[in-house]
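Below is one structure; the comments refer to it alone.
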Amino acid sequence: MTDTSPSAPAPDVDAVVVGAGFSGLYMVYRLREVLGLTVRGFEAGDGPGGTWYWNRYPGARCDSESFYYSYSFSDELQQEWTWSSKYPEQPEILRYLNHVADRFDLRRSIAFNTRVTAATFLDDRDCWEVRTDGGEVLTCRFFISAVGCLSAANVPPIPGLDRFEGDWYHTGAWPHEGVDFTGKRVGLIGTGSTGIQATPPIAAQADHLHVFQRTPNYSIPARNRPLSGPEWEDIKAHYGEIRDKCRASWGGFPYERSEVSALAVSPEEREAKYQQLWSEEGGFKFLYGSYNDFLTNEAANDTVAEFIRRKIHEIVNDVAVADTLSPRDYPYGTKRPPIDTDYYETFNRANVTLVDLRDTPIVEITPKGLRTSDREYELDTIVFATGFDAMTGSLLRIDIRGTDGISLRDKWAHGPLTYLGVQIAGFPNLFVITGPGSPSVLTNMPLAIEQHVEWISDCIDHLRDRGLTRVEATEDAEAKWGEHVQEVADATLFPKTNSWYVGANIPGKSRVFMPYVGGFAPYQQLCDDVAAKGYEGFVLSGR
Ligand code: N01
């Protein structure tokens with residue numbers, strides 16, 4: 001990009017992109033290949049993949065269906081890649097992202113094994129100075145975060161972990177060589193999507209598995225299966241329509257969203273619908289394909305929550321265990337809904353024990369295992385499936401300082417503030433892909449990522465066309481957007497539930513509902529309108 005200032009030296013590169021997962025790869029591609037800019041990517045891992053690089057735990061697979069959990073920006077790519085099954089396993093998604101990196105020759109623009117540690121805005125030059133853990137310092141016009149929403153692993157501060165004589169792992173930083181649980185007494189802490197996926201394969205291998213559960217979850221069977229050749233021919237012939245459906249939808253999924261209230265039909269009709277979705281479809285269709293008011297009406301939600309509790313009791317032989325596995329104090333869908341393969345069935349195995357941490361909380365980790373309030377459990381291995389400092393943690397690990405040296409950590413001390421989830425007042429030329437305040441984690445992520453990447457690159461192109469060097473959200477636009485994000489969230493059942501959506505899983509984190517629940521299609525329209533009005537709510541300038 002042209003630097004219009006006679007005095008300011010040009011930055012080293014036009015853009016720095018942090019992270020090489022779905023968002024970082026596409027951002028690098030877009031800036032380099034479509035806009036022709038100079039780009040430097042940085043990635044802490046030794047290869048691309050982001051979340052799919054780090055989360056290699058047993059049972060890791062996608063909870064969105066492969067034919068739409070993928071890039072749509074290249075028709076050649078979507079025509080040449082064939083997924084094995086409805087919900088591909090982590091290694092297959094990692095292969096896909098490596099294929100994308102190779103196919104578009106992206107690796108040459110990305111420094112792997114390198115973590116960005118700090119970024120400071122240079123006000124007099126309209127650029128960022130970026131530092132890495134390898135000691136590199138470089139300047140860029142645009143600093144773009146592609147660090148992901150679920151990347152900062154949360155190992156809870158349980159006393160005694162440093163004295164544990166066995167091995168311990170967090171699922172989000174799993175050893176590349178894998179872990180052999182054969183003959184081991186394993187303790188798994190956490191029953192979110194990850195714990196629910198990891199429990200069956202670990203139980204199948206371990207001598208004994210104790211699952212330490214603090215909050216029970218509503219899990220729906222995935223009904224995973226291989227996808228056949230003719231099915232793929234059909235998908236590939238209709239990819240355009242499938243992607244259009246995703247873009248026109250609330251969640252970025254190609255499903256028809258029901259227009260019917262769960263309370264508008266007879267109990268028999270409802271039961272038949274739930275049963276059909278449970279036994280034939282599984283997955284997110286259970287949430288999106290049945291009735292339209294699970295997330296806004298408690299009485300409607302009760303009908304589905306009760307159905308799932310009944311299913312748990314049908315599957316699990318021991319009534320006391322089934323009771324412990326049954327959530328009762330928050331509505332279905334207000335935590336991210338997990339989907340599983342044989343999760344509840346696993347509690348019928350003789351080598352699996354469920355420990356209810358609500359009755360007997362963890363007190364400490366001991367050299368030999370883990371102590372709850374009533375006894376010590378001897379363990380060889382502890383698996384932390386305890387989630388992430390979601391949506392803000394990975395960005396705040398970087399020491400980011402905007403105009404006047406203001407730090408992002410200070411600015412977000414009481415919760416994240418953004419305009420459209422993509423920019424932050426006081427931090428010009430910093431873009432956040434799928435940041436807090438955007439639909440992000442409530443939607444089909446690759447689609448949300450593509451929309452953000454394209455909007456950001458269009459914005460940069462707009463600046464370039466006009467010889468401008470700076471774009472910054474106004475405080476007013478940011479404050480209004482923040483109010484809107486909370487207002488739409490407050491119209492749903494989401495905010496009251498303790499979940500990572502509100503930061504409740506991280507001790508001391510401010511309780512703010514972080515994603516935008518207004519829906520993907522309306523959000524996309526809003527972003528397009530902002531751009532059409534000359535980037536309303538942003539100040540564009542040049543020097
Ligand atoms: O993390 P979580 P996750 N003592 O935060 C418990 C995506 N994902 O890694 O509910 C004891 O959901 C915590 O208990 P509680 C998906 O978006 C996708 O499972 O806070 N327990 C909870 O049970 C998902 O939502 C896929 O009371 C403690 C668990 O640990 C997101 O990632 C697969 C504790 C954490 O659950 C995160 O899922 C996997 C403590 N001190 C993940 N601290 C797919 O695409 C926490 N817990 C398939």
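In this text the structure is predicted, and so the values were computed from the model without any measurement. Counting convention: from 1, in listed order, for ligands and their atoms alike.
Listed by atom number, the atoms of ligand 1 under 4.0 Å from Ala385 heavy atoms are 29 (C), 30 (O), 35 (C). Annotation for ligand 1: atoms under 4.0 Å from non-hydrogen atoms of Tyr57 are 33 (C), 39 (C). Within the listing of ligand 1, atoms 33 (C), 48 (C) sit less than 4.0 angstrom from a heavy atom of Gln197. Those atoms of ligand 1 that come under 4.0 Å of a heavy atom in Leu357, given as number and element, are 11 (C). With ligand atoms numbered from 1 in the order given, ligand 1 contributes 3 (P), 9 (O), 19 (O), 38 (O), 39 (C), 42 (C) to contacts under 4.0 Å with heavy atoms of Thr194. Applying the 4.0 Å criterion to heavy atoms of Arg336 picks out, from ligand 1, the atoms 16 (C), 17 (O), 24 (C), 25 (O).
With a heavy-atom cut-off of 4.0 Å, Ile189 touches ligand 1 through its side chain alone. Contact annotation: for Phe388 versus ligand 1, heavy atoms closer than 4.0 Å belong to the side chain alone. Contacts between Val441 and ligand 1, counted as non-hydrogen atom pairs separated by less than 4.0 Å, are absent for every part of the residue. Contacts of Cys62 with ligand 1, taken as heavy-atom pairs under 4.0 Å, involve the backbone alone. Under 4.0 Å from ligand 1, not a single heavy atom of Tyr69 appears.
Under a cut-off of 6.0 angstrom, the local environment of CD in Glu298 is sparse, with at most 12 non-hydrogen atoms contributed by other residues, nucleotides or ligands. Other residues, nucleotides and ligands contribute only 12 or fewer heavy atoms inside 6.0 Å of the NZ atom of Lys368. Within a 6.0 Å sphere centred on NZ of Lys86, heavy atoms belonging to other residues, nucleotides or ligands number more than 12.
Nearest-heavy-atom check against atom 46 (C) of ligand 1 across Arg61, Gln213, Arg214, Gln90 picks out Arg214. Across Ile158, Thr215, Thr51, Thr191, heavy-atom proximity to atom 27 (O) of ligand 1 is greatest for Thr215.
Between Tyr255 and Tyr68, the ring planes are perpendicular. Angles over 60° get that label, and only those under 30° would be called parallel.
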task: Kindly indicate, with the supporting measurements, whether the criterion ring-ring contact (aromatic ring centres under 6.0 Å, His included) is fulfilled by Tyr96 and Trp83.
output: CA-CA 9 Å; Tyr96 171 74; Trp83 297 96; 4.7 Å; yes

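Some N or O of Lys335 is nearer than 3.5 Å to an N or O of ligand 1, by distance alone. Taking only nitrogen or oxygen atoms, main chain and side chain alike, Asp63 reaches within less than 3.5 Å of ligand 1.
Counting only heavy atoms from C-beta outward, the side chains of Thr372 and Pro361 never approach each other to under 4.5 Å. Using a 4.5 Å heavy-atom threshold, the side chains of Thr194 and Phe384 count as separate. The shortest side-chain heavy-atom distance between Asn348 and Val316 falls under the 4.5 Å cut-off. The shortest side-chain heavy-atom distance between Ser499 and Arg336 does not fall under the 4.5 Å cut-off. Inter-residue side-chain proximity for His170 and Thr386 is flagged as met; some heavy-atom pair is nearer than 4.5 Å.
Looking only at heavy atoms of the protein, atom 6 (C) of ligand 1 is closest to Gly190 CA, 3.7 Å. When hydrogens are left out, the protein atom nearest atom 36 (O) of ligand 1 is Gly192 CA, 3.5 Å; that is the closest non-hydrogen contact. Among protein heavy atoms, the minimum distance from atom 37 (C) of ligand 1 is reached at Trp500 NE1, 3.6 Å. Looking at atom 1 (O) of ligand 1, its nearest protein heavy atom turns out to be Gly387 CA, 3.1 Å. Shortest contact from atom 41 (N) of ligand 1 to any protein heavy atom: Pro156 CB, 3.2 Å. Ser193 CB, 4.0 Å is the protein heavy atom nearest to atom 8 (N) of ligand 1.
Pairs of residues two or more places apart, or lying in two chains, never qualify as salt bridge (Lys or Arg N to Asp or Glu O under 4.0 Å) while including a residue from residues 147-157.
Using a 4.0 angstrom heavy-atom cutoff, Leu150 counts as in contact with ligand 1.
Here the options are Tyr343, Tyr344, Tyr330, Trp278, the test is ring pair (Phe, Tyr, Trp, His ring centres under 6.0 Å), and the partner is Tyr218; only Tyr330 passes.
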In residues 209-216, what donor-acceptor pairs under 3.5 Å come from side-chain atoms, sequence neighbours left out?
| unit_1 | atom_1 | unit_2 | atom_2 | d |
| --- | --- | --- | --- | --- |
| Gln213 | NE2 | Thr324 | O | 2.8 |

